[in-house]
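Notes follow once the structure below has been shown.
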There are 2 protein chains.
Amino acid sequence: MRRMTARPANTHQARLLRLLRDGGPNSRAQLGDRIDLSRSKLAVEVDRLLETGLVVADGLAASRGGRRSHNIRLAPQLRFLGVDIGATSVDVAVTNAELEVLGHLNHPMDVREGPVAVFEQVLVMAAKLRASGLAEGFDGAGIGVPGPVRFPEGVPVAPPIMPGWDGFPVREALSQELGCPVMVDNDVNLMAMGEQHAGVARTAGDFLCVKIGTGIGCGIVVGGEVYRGTTGSAGDIGHIQVEPDGRACACGNRGCLEAHFSGAALARDAEDAARAGQSAELAARLEAAGKLTAVDVAAAAAAGDPTALDLIREGGNRVGQVIAGLVSFFNPGLVVIGGGVTGLGHNLLASVRTQVYRQSLPLATGNLPIVLGELGPAAGVTGAARLISDHLFSPA
Amino acid sequence: MRRMTARPANTHQARLLRLLRDGGPNSRAQLGDRIDLSRSKLAVEVDRLLETGLVVADGLAASRGGRRSHNIRLAPQLRFLGVDIGATSVDVAVTNAELEVLGHLNHPMDVREGPVAVFEQVLVMAAKLRASGLAEGFDGAGIGVPGPVRFPEGVPVAPPIMPGWDGFPVREALSQELGCPVMVDNDVNLMAMGEQHAGVARTAGDFLCVKIGTGIGCGIVVGGEVYRGTTGSAGDIGHIQVEPDGRACACGNRGCLEAHFSGAALARDAEDAARAGQSAELAARLEAAGKLTAVDVAAAAAAGDPTALDLIREGGNRVGQVIAGLVSFFNPGLVVIGGGVTGLGHNLLASVRTQVYRQSLPLATGNLPIVLGELGPAAGVTGAARLISDHLFSPA
DNA sequence: AGGCTTTGTCCTGAGTGTGGAGAAAGTTGG
DNA sequence: CCAACTTTCTCCACACTCAGGACAAAGCCT
């Protein structure tokens, strides 16, 4: 099957494609209300898009008191691949042009196995999605990796938790294998874009998206656009010092946020508490599974275990302390918290909120929602699809 | 005398005006090299600007091997007023359209005397500058205040150190008095814009500008544009907590950065040290003046006084610790340090650098200059002039 | 059936912008 | 001093963009 070859010829067409992506099917008249163009000009550009095949007119909508309108929509056979490489698992999903997830696979895998092994797995999963009939091919792919990325080239740089990936040409390699355009970004940025597209951040202009998984990172959105910093490492808050002479961190320093609270740190603390006999609940789970994860701590907390609750509360205080500083500095309109520890839920959220509302000035916190992400694992892959669609839906 | 009434009619004209402002006089050909327009279209827009009087063609430049070019420049009689309200003094300056400071006055004054008294003083100073022949009137004015500002309206909101200003219609009032357009911003943002226009940040895209005066604030520039946050309080880093249960701060919290280090805190610490007999040098100065300021500490340090050096070092460590966190988060391409304590100079800078380079990841600090601002008190007023010129040099 | 509404198409005219021809004004070398 | 060349600037013809109005198509309601 022939995949998408055309690109919008000008900014009007690009804007129309994004309107259709974000707003679903529309009539020409509805599009006209949302774009600053005359009806005549709009009609010309829509016609050109129809010619390219990027957009189709299928069927008529119900009348709204007059002539029925044509349904203009993005070509229904368009498919994007969203890939989210986490520290301990890989998510791969296929979406349509409106970025709705049609199929989603997850596979546990350590990112430290290196790019070659991970890519092999990604391609297997992509093939599986294709075989299931959800896609005959991919028109573009977005991929997120858990570390800083030199964005224009799509190459990870100096990633602390995935040393084997340093300088690996992710974009080029995946583009070769899949035969379609590929864009690469930090996994946290993709989560932010996912929540922006279909989650809690739909209406936010400036917001922060804190992802707490194995590590901790923060997506920064300024005026609707992801901010990546000068070298692509913006949002790398896991190594902000929260305790002078605190715990040793993998990065070589002491007292980093990540060393004191993250999915990995929480699991370790829980295991320590279990072995020290502080919690029968956690000890039982450790006995059963041989190890503990953030999910176990969440379950123990839900069961009312005071040690687990303490661990979560203390962790929330740590993150909250850092977020309070970021809120003072950045003055966002929204803070989203997501990642693997979302299961810790409102216990975590409560202590984060307490810290932020107590430590930041009222002007910055007065009208500041601090909420959990609502997309869960779909945030990353949705964001990945949005990344590549942003790229393809802009003039060549 | 008639002041500037015309505004650029389109974005081309606006871009031309800014090119002339930032690059000085130019021929049509030189302008053509810096703008993406054909020579013919360029000529048309330049002619229209000449008609409005915003731009003049005076004289011919030396030949560069062919026909001599006309010097195109901004109207030489254009005048902007730059006002920088500090916590303890007021700066007022007049600039030409290229934002060169033609005259600059400073007057010690406590901002807590309130907007009415301060405005009176500002108008006296503006009149003095006019009387000296530097200006016959003002085509626009920019004004900075030491607190958050609701930018679109030009109104201070909930400013901690200047309670009497809350909600005072600064923009409207000053515009009435001066009879010209006025824009209002936070003083820190103006310092950033000043250093961006004519100082160390001329080539920086994303940078931070930390101003340490009576308080501490931080200007944030993203892609060349000042970022002000959702409620105008972005960069308000003075109340980030640096020590749990630390010193009491005027804001009601404990352990704020500003309480531990700032011009005010430094002066107080120095006085305490002098009274405690820890430093003969500082004691002598306290004796002489009845009080100490950051300038005294700088002088004592320059004279080799170890107590003063310690105070500066310790303060630098505090700020450095916060800046390290911001660098990890924001990944700027440059950090500028300015404000009243610039006199502490390289002693301060050294400890800030040590903290940042030690605590932040190499990817973020690898190529990160941390430098002192080079404009001193001119940064604020230059930034103020730039603020209003940005406003006037954009389509109406 | 007739009037009204909504949707979509067509056409004209104003304005925007490009590129080339060429005039104006200078330098350089013989 | 003249011819050749360079740089700067102006003028003009042509293509393209885009808005707005007229009008046709297709529906609803009475």
Side-chain angles (χ1 to χ4, degrees), chain A residues 6-20 23-74 394-396, chain B residues 6-20 23-74 394-396:
Chain A
R7 290 278 289 275
N10 56 42
T11 51
H12 297 318
Q13 294 186 12
R15 286 193 56 201
L16 286 169
L17 291 173
R18 292 179 191 208
L19 277 177
L20 289 170
N26 261 304
S27 67
R28 286 177 176 83
Q30 284 171 313
L31 288 171
D33 294 340
R34 300 188 184 182
I35 198 172
D36 189 27
L37 273 182
S38 66
R39 280 198 308 273
S40 36
K41 179 61 179 165
L42 176 84
V44 169
E45 297 298 350
V46 169
D47 285 347
R48 288 182 188 164
L49 283 174
L50 288 169
E51 278 172 32
T52 66
L54 281 175
V55 153
V56 297
D58 60 343
L60 297 172
S63 166
R64 296 192 305 170
R67 175 174 171 176
R68 293 165 67 190
S69 62
H70 294 272
N71 263 334
I72 308 291
R73 64 170 71 207
L74 290 166
S394 49
Chain B
R7 288 278 288 276
N10 56 41
T11 52
H12 297 319
Q13 293 184 13
R15 287 192 55 202
L16 285 169
L17 291 173
R18 291 178 191 209
L19 277 177
L20 289 170
N26 262 304
S27 66
R28 287 175 176 83
Q30 284 171 312
L31 288 171
D33 294 341
R34 299 188 184 182
I35 197 171
D36 190 27
L37 273 182
S38 65
R39 278 197 306 276
S40 30
K41 180 62 179 167
L42 176 84
V44 169
E45 296 299 349
V46 169
D47 285 349
R48 289 182 188 164
L49 283 174
L50 287 169
E51 277 172 31
T52 67
L54 281 175
V55 153
V56 297
D58 60 342
L60 298 172
S63 165
R64 295 191 306 169
R67 174 173 171 178
R68 293 165 66 191
S69 62
H70 294 273
N71 263 334
I72 308 290
R73 66 170 69 209
L74 290 166
S394 48

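Here is how names work: the chains are called A, B, and so on, in the same order as the sequence lines, proteins then strands, and each is numbered from 1.
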For residues 50-61 of chain B, please give each side-chain donor-acceptor pair under 3.5 Å, one per line with the distance, not counting sequence neighbours.
unit_1 : atom_1 : unit_2 : atom_2 : d
B:T52  : OG1    : B:L49  : O      : 2.6
B:T52  : OG1    : B:L54  : N      : 3.2
B:D58  : OD1    : B:R73  : NE     : 3.2
B:D58  : OD2    : B:R73  : NE     : 3.3

Test item: A:N71 side-chain N/O and A:S69 main-chain N/O as donor-acceptor pair under 3.5 Å: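 A pair under 3.5 Å: no.
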Taking B:Q13 for its side chain and B:A9 for its backbone only, find out whether a donor-acceptor pair lies under 3.5 Å. yes
Heavy atoms under 4.0 Å, any strand shown: does A:K41 hit a base, just sugar-phosphate, or nothing? sugar-phosphate
Tell me, for nucleotides 22-30 of chain C in 5' to 3' order, what letter each nucleotide earns: B for a base near a protein heavy atom under 4.0 Å, S for only sugar-phosphate near one, - for neither? -BBBBS---
Please state whether the phosphate of D:dT17, meaning OP1 or OP2, lies under 4.0 angstrom from any side-chain nitrogen or oxygen of A:H12.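 Result: no.
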Does [X] reach the side chain of [Y], with side-chain heavy atoms less than 4.5 Å apart?
X     : Y     : answer
B:R28 : B:R39 : no
B:N26 : B:L19 : no
A:E45 : A:R48 : yes
B:L37 : B:L31 : no

For [X] and [N], what is the distance between atoms [atom1] and [atom2] respectively, to the nearest whole Å?
X     : N      : atom1 : atom2 : value
B:L42 : D:dC11 : CG    : P     : 14 Å
A:Q13 : D:dT17 : CD    : P     : 10 Å
A:D36 : D:dA19 : CG    : P     : 7 Å
B:D47 : D:dC11 : CG    : P     : 8 Å
A:I35 : D:dA19 : CD1   : C1'   : 15 Å
A:L37 : C:dG8  : CG    : C1'   : 16 Å

Counting only distance, no hydrogens or angles, is the base of D:dG20 paired donor-acceptor with the side chain of A:S40 under 3.5 Å?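 Result: at least one qualifying N/O pair found.
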Given the structure, check if the side chain of A:S69 and the base of C:dG8 hold any donor-acceptor pair shorter than 3.5 Å. no
Would you mind telling me which of D:dA19, C:dG17, D:dC9 lies closest to the side-chain atoms of A:S38?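 Shortest atom-to-atom distance from the side chain points to D:dA19.
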B:R28 side chain, from C-beta outward: closest of C:dT9, D:dC9, D:dG20: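 Nearest nucleotide to the side chain: D:dC9.
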